[in-house]
> 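Following this message is one structure expressed as structure tokens.
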Amino acid sequence: MRIDKFLKVSRIIKRRTVAQEACDAGKIYVGGRQVKPSYTLKVGDEVEVRLGTPIKFIVKSLNEKASKDEAQSLYEIQR
């Protein structure tokens, strides 16, 4: 699944266009490397979002049609 779509489906970022703009601006990292919106995300990837308060999380599942209730089960926040 594309990273921009994952960020929208998981409700980390509200809109896909905002996720695309964040990637283009260099605010999204996977495994410590800056990625483009088309980056193909895999289960187990460590993602860092540097918008406002930075957050790091591990991708637990990829579901393109996750409901609002299922959204938080797609990732696990790292401390």
Side-chain angles (χ1 to χ4, degrees):
M1 176 187 301
R2 289 172 54 113
I3 184 122
D4 59 340
K5 186 165 186 176
F6 179 84
L7 291 170
K8 189 257 184 215
V9 169
S10 64
R11 290 170 170 74
I12 292 170
I13 296 179
K14 287 190 174 194
R15 291 185 305 277
R16 189 167 175 183
T17 55
V18 175
Q20 289 171 340
E21 290 167 0
C23 289
D24 290 336
K27 305 281 186 185
I28 311 296
Y29 292 78
V30 176
R33 298 185 68 205
Q34 189 175 335
V35 295
K36 295 186 178 203
S38 61
Y39 177 83
T40 303
L41 203 57
K42 297 173 280 309
V43 173
D45 280 345
E46 182 180 57
V47 180
E48 183 176 359
V49 179
R50 296 181 182 174
L51 286 174
T53 304
I55 64 165
K56 282 186 180 181
F57 60 89
I58 301 277
V59 177
K60 301 295 271 181
S61 174
L62 299 173
N63 180 357
E64 293 190 15
K65 299 182 192 250
S67 69
K68 184 177 180 181
D69 297 330
E70 298 170 326
Q72 285 189 328
S73 68
L74 298 178
Y75 60 92
E76 179 182 316
I77 295 196
Q78 299 293 301
R79 304 210 184 268

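Numbering starts at 1 and runs along the sequence shown. Nothing here was measured: the structure is a model prediction, and the numbers come from that model.
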> Give the minimum heavy-atom separation between Ser73 and Ser61, together with the two atoms involved.
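Looks like O-CB, 4.4 Å.
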
> If you compare all heavy atoms of Ala19 against all heavy atoms of Ile13, which two are closest, and at what distance to 0.1 Å?
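Smallest heavy-atom distance, with atoms named: N-CG2, 3.8 Å.
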
> Tell me every residue that passes side-chain contact (heavy atoms from CB on, under 4.5 Å) with Val43, counting only those two or more places apart in sequence or in another chain.
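By the side-chain contact (heavy atoms from CB on, under 4.5 Å) rule, Val43 matches Leu62.
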
> CZ of Arg11: more than 12 outside heavy atoms within 6.0 angstrom?
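Correct, the count exceeds 12.
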
> Under the ring pair (Phe, Tyr, Trp, His ring centres under 6.0 Å) rule, what pairs show up with a residue in residues 58-79, not counting sequence neighbours?
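Residue pairs passing ring pair (Phe, Tyr, Trp, His ring centres under 6.0 Å), neighbours aside: Phe57-Tyr75.
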
> Search all heavy atoms of Ser10 against all heavy atoms of Ala71 and return the closest pair with its distance.
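Looking at all heavy atoms of both residues, the closest pair is O-CB, 3.7 Å.
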
> Not counting sequence neighbours, which residues clear side-chain contact (heavy atoms from CB on, under 4.5 Å) with Ser38? List them please.
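Only Arg2, Lys36 meet the side-chain contact (heavy atoms from CB on, under 4.5 Å) criterion with Ser38.
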
> Scan for ring pair (Phe, Tyr, Trp, His ring centres under 6.0 Å) pairs involving residues 31-54, sequence neighbours excluded, and state none if there are none.
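Ring pair (Phe, Tyr, Trp, His ring centres under 6.0 Å) check on residues 31-54 returns no pairs.
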
> Give the cluster check for Val9 versus Val30: same hydrophobic cluster or not, with ILVMFWY residues linked at side-chain heavy-atom distances below 4.5 Å.
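Yes.
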
> Suppose we screen for salt bridge (Lys or Arg N to Asp or Glu O under 4.0 Å). Which residues come up paired with Lys5, at least two apart in sequence or across chains?
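Scan of Lys5 (salt bridge (Lys or Arg N to Asp or Glu O under 4.0 Å), adjacent residues dropped) gives Glu64.
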
> Quick test of your reading: applying salt bridge (Lys or Arg N to Asp or Glu O under 4.0 Å), list the pairs with at least one residue in residues 19-32, sequence neighbours left out, ordered by first then second residue.
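Pairs touching residues 19-32 that pass the test: none.
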
> Who passes side-chain hydrogen bond (donor to acceptor under 3.5 Å, both in side chains) against Arg16, sequence neighbours left out?
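For Arg16, the residues satisfying side-chain hydrogen bond (donor to acceptor under 3.5 Å, both in side chains) (neighbours in sequence not counted) are Asp4.
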
> Is the shortest side-chain heavy-atom distance between Ile58 and Gln78 below 4.5 Å?
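SC-SC contact between Ile58 and Gln78 confirmed.
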
> Quick check for you: to the nearest 0.5 Å, what is the distance between Asn63 atom CG and Met1 atom CE?
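Between atom CG of Asn63 and atom CE of Met1 there are 6.5 Å.
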
> Please list, chain by chain and in numerical order, all residues satisfying side-chain hydrogen bond (donor to acceptor under 3.5 Å, both in side chains) with Glu76, sequence neighbours excluded.
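In terms of side-chain hydrogen bond (donor to acceptor under 3.5 Å, both in side chains), with neighbours along the sequence ignored, Glu76 is linked to Lys60.
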
> Roughly how far, to the nearest 0.5 Å, is the CD1 atom of Ile12 from the CG atom of Leu74?
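Leu74 atom CG to Ile12 atom CD1 measures 8.5 Å (nearest 0.5 Å).
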
> Out of curiosity, Gln20 CD to Lys8 NZ, how far, rounded to the nearest 0.5 Å?
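Going from CD on Gln20 over to NZ on Lys8, the span is 12.0 Å.
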
> By salt bridge (Lys or Arg N to Asp or Glu O under 4.0 Å), which residues pair with Arg50, not counting sequence neighbours?
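Salt bridge (Lys or Arg N to Asp or Glu O under 4.0 Å) check on Arg50 returns Glu48.
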
> So how far is it from Leu7 CG to Lys14 NZ, rounded to the nearest 0.5 Å?
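So the gap between those two atoms works out to 15.0 Å.
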
> What residues, two or more places apart in sequence or in another chain, satisfy side-chain contact (heavy atoms from CB on, under 4.5 Å) together with Thr40?
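With sequence neighbours excluded, Thr40 shows a side-chain contact (heavy atoms from CB on, under 4.5 Å) to no residue whatsoever.
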
> Closest approach of Ala66 and Glu70, non-hydrogen atoms and distance?
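For Ala66 and Glu70, the tightest heavy-atom pair comes out as CA-OE1, 3.4 Å.
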
> Thr53: which residues meet the side-chain contact (heavy atoms from CB on, under 4.5 Å) condition with it, sequence neighbours left out?
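With neighbours one apart ignored, the set is empty.
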
